[in-house]
Amino acid sequence: MAEQWLMYDVATIAVKAGRGGDGAMSFRREAYVPRGGPDGGNGGRGGDVILVVNPHLNTLAHFQHRRRFEAEDGRNGGGQNKTGRSGKPKYVEVPPGTVVRDAETGRVLGDLTRPGQQLVVARGGRGGRGNAMFATPTNQAPQIAENGEPGERRTLALELKLIADIGIVGLPNAGKSTLLAALTAARPKIADYPFTTLRPNLGVAHLDDERTVVLADIPGLIEGASQGVGLGLEFLRHIERTRVLIHLIDGLSDDPLRDYQTVNREMAAFGHGLSDKPQIVAMTKMDLPDAQAAFELFVGEGKIADARRAAQDASSLHLPAFGSPAPNRPLAVLPISAATGENVRELLNRAVRVLDALPPPAELEPEPALDLSLERDASFEIVREGGGFRVISPMLERKVQMTRWDLDDSVAVFQRMLQSTGIGPELERLGIQPGDTVYIGDYELEWGEG
Ligand SMILES: Nc1nc2c(ncn2[C@@H]2O[C@H](COP(=O)(O)OP(=O)(O)OP(=O)(O)O)[C@@H](O)[C@H]2O)c(=O)[nH]1
Ligand SMILES: [Mg+2]
């Protein structure tokens, strides 16, 4: 796996599925038969728009150049009962970690994490039926065919959330980026001032057993981050999708314990389960005498324990809850130096041990209220418009486009449907008169005699 840069990323795209092909109106031609039976075939289905996870992508940047995606329309049906060819689906690639929302409602449509995972975001329209489908014993020569159903359209808000196994957190300037650089081939910017890192850097660490883990260097958190101080909220959000934290304390700080508590407090105030994430705590810059002295001081005072000498099991090293360590147990801290490499592999191995003990990460559940077929329901609303009436009904807006207004039988089917859905009776209750205009989508129809 190549080194990658990943950042919090958003994009808005418009998707449009293919329209269904029109059904055909056709009659068999046979020798000596003036007019044979109906043989108009159905239109083909419109193609779907489908998001698919490409594990080699790690940003949404490609959507800056292209924001509209359309699947192919279905082909029209033909005579001799020929069904139109279905439209090809349109695949749109997204990186793992993409949360997909309907931009209008904000509802989650899906959470795409696994390579190859797919999500249909706009369904292709059904093909219109040809007249062969409408033959009945009483009507052997139906003058009717359906147009194809329009494809679904929607605007999607895509949000890329960082997925890293291990997140490195700490105050600004603690040495987080330096640690990432020591453990992986990532080369983040490192400097002796706070807020050098403004977006998370990702790096891939190779373990002894040839596995890899992804580490994220999270921008520094400060007091008030959970209230939005600095870019605090954005920074905290990145931690959501890490599974284990390396909590890094600056060995040059004048109060390491306070630093540790500040970061934990901000994570707790942000919520979203950040406090429940297991932590491995390390104090860095141990190559410097001042840092060594600070570490020895705290160990001497019994405020922190030297994790090298603490019990070997990983559980003694992680403090699931925020705040201070258990009352009669000092906080276990591993002294490290990213500069010399002292204990950095040990730190990684301990984090991986904790990682391996965790259950696999959960996906965001698509919100059940969002059923893509919801729009197929028959609910409607009628409002006054101009001198007439507007019917707002997704179902009817599709049907009006599927109706062949040049064919009497088609128009009759539409009118029967108006009655059976209750829309016709409701219009009459509202006092509609022959000659009044009824607006449905882009169509204007004239109300006839009942
Ligand atoms: N001597 C020594 N210096 C270190 C060590 N780790 C980091 N530093 C120095 O500490 C300073 C800050 O390091 P960074 O890695 O940029 O710190 P950061 O936590 O990423 O800081 P922000 O991105 O601002 O939050 C730099 O000057 C580093 O060279 C270390 O192990 N030993
Ligand atoms: Mg940094």
Side-chain angles (χ1 to χ4, degrees), residues 1-13 15 48-67 69 89-103 106-122 154 156-169 180 183-186 188 197 199-207 210-219 234-246 272-274 277 351-352 355-356 358-367 370:
M1 195 167 161
E3 300 306 325
Q4 48 187 335
W5 281 69
L6 206 126
M7 46 195 175
Y8 184 78
D9 220 348
V10 290
T12 303
I13 64 170
V15 293
D48 297 334
V49 181
I50 303 170
L51 302 189
V52 55
V53 175
N54 176 346
H56 302 294
L57 290 175
N58 50 30
T59 72
L60 297 171
H62 55 296
F63 292 120
Q64 277 165 15
H65 310 293
R66 202 157 163 221
R67 294 175 211 265
F69 298 90
K90 176 79 194 173
Y91 290 95
V92 180
E93 295 189 333
V94 296
T98 303
V99 178
V100 186
R101 288 191 167 80
D102 185 303
R107 286 202 180 120
V108 175
L109 303 183
D111 182 14
L112 297 171
T113 54
R114 297 184 303 276
Q117 193 182 348
Q118 300 192 354
L119 177 71
V120 176
V121 287
R154 61 169 49 85
L156 302 177
L158 305 180
E159 182 185 35
L160 178 60
K161 288 206 181 181
L162 184 64
I163 301 183
D165 303 303
I166 300 169
I168 307 172
V169 297
L180 182 77
L183 286 170
T184 73
T197 306
R199 305 206 135 166
N201 302 301
L202 274 208
V204 179
H206 298 265
L207 306 180
E210 299 194 345
R211 276 191 307 156
T212 56
V213 289
V214 179
L215 284 102
D217 154 30
I218 311 285
E234 193 181 320
F235 294 175
L236 281 159
R237 200 158 43 186
H238 296 304
I239 307 173
E240 260 183 270
R241 287 233 171 159
T242 63
R243 301 177 61 211
V244 169
L245 300 178
I246 289 178
H272 294 90
L274 300 198
K277 294 195 189 287
V352 170
L355 188 68
D356 286 346
L358 292 178
E363 287 172 27
L364 276 185
E365 283 293 317
E367 286 164 47
L370 190 106

Closest heavy-atom contact between [X] and [Y]?
X: Val169; Y: Ile218; result: CG1-CG1, 4.1 Å
X: Glu93; Y: Phe63; result: O-CZ, 3.5 Å
X: Asn54; Y: Pro96; result: O-CD, 3.5 Å
X: Leu112; Y: Val53; result: CB-CG2, 3.5 Å
X: His238; Y: Pro219; result: CD2-CD, 4.4 Å
X: Ala122; Y: Arg154; result: CA-NH1, 4.3 Å

Backbone of Pro359 reached by a side-chain donor or acceptor of Arg243 within 3.5 Å: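 Yes.
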
Polar side-chain atom of Asp111 near backbone of Val99 as donor-acceptor pair, under 3.5 Å: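 No, because the side chain of Asp111 does not come within donor-acceptor range (under 3.5 Å) of the backbone of Val99.
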
Could you measure the distance from the [atom1] atom of [X] to the [atom2] atom of [Y]? Nearest 0.5 Å is fine.
X: Asp217; Y: Asn201; atom1: CG; atom2: CG; result: 5.0 Å
X: Asp102; Y: Leu156; atom1: CG; atom2: CG; result: 7.0 Å
X: Asp165; Y: Leu215; atom1: CG; atom2: CG; result: 7.5 Å
X: Leu158; Y: Ile13; atom1: CG; atom2: CD1; result: 4.5 Å
X: Leu183; Y: Ile168; atom1: CG; atom2: CD1; result: 6.5 Å

Criterion side-chain contact (heavy atoms from CB on, under 4.5 Å) on Leu51 and Thr98, from CA distance to verdict: CA-CA 10 Å; Leu51 302 189; Thr98 303; 5.6 Å; no

For His272, all residues meeting ring pair (Phe, Tyr, Trp, His ring centres under 6.0 Å), sequence neighbours excluded: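 His272 satisfies ring pair (Phe, Tyr, Trp, His ring centres under 6.0 Å) with Phe270 only.
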
side-chain hydrogen bond (donor to acceptor under 3.5 Å, both in side chains) partners for Gln118, two or more places apart: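 Residues passing side-chain hydrogen bond (donor to acceptor under 3.5 Å, both in side chains) with Gln118: none at all.
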
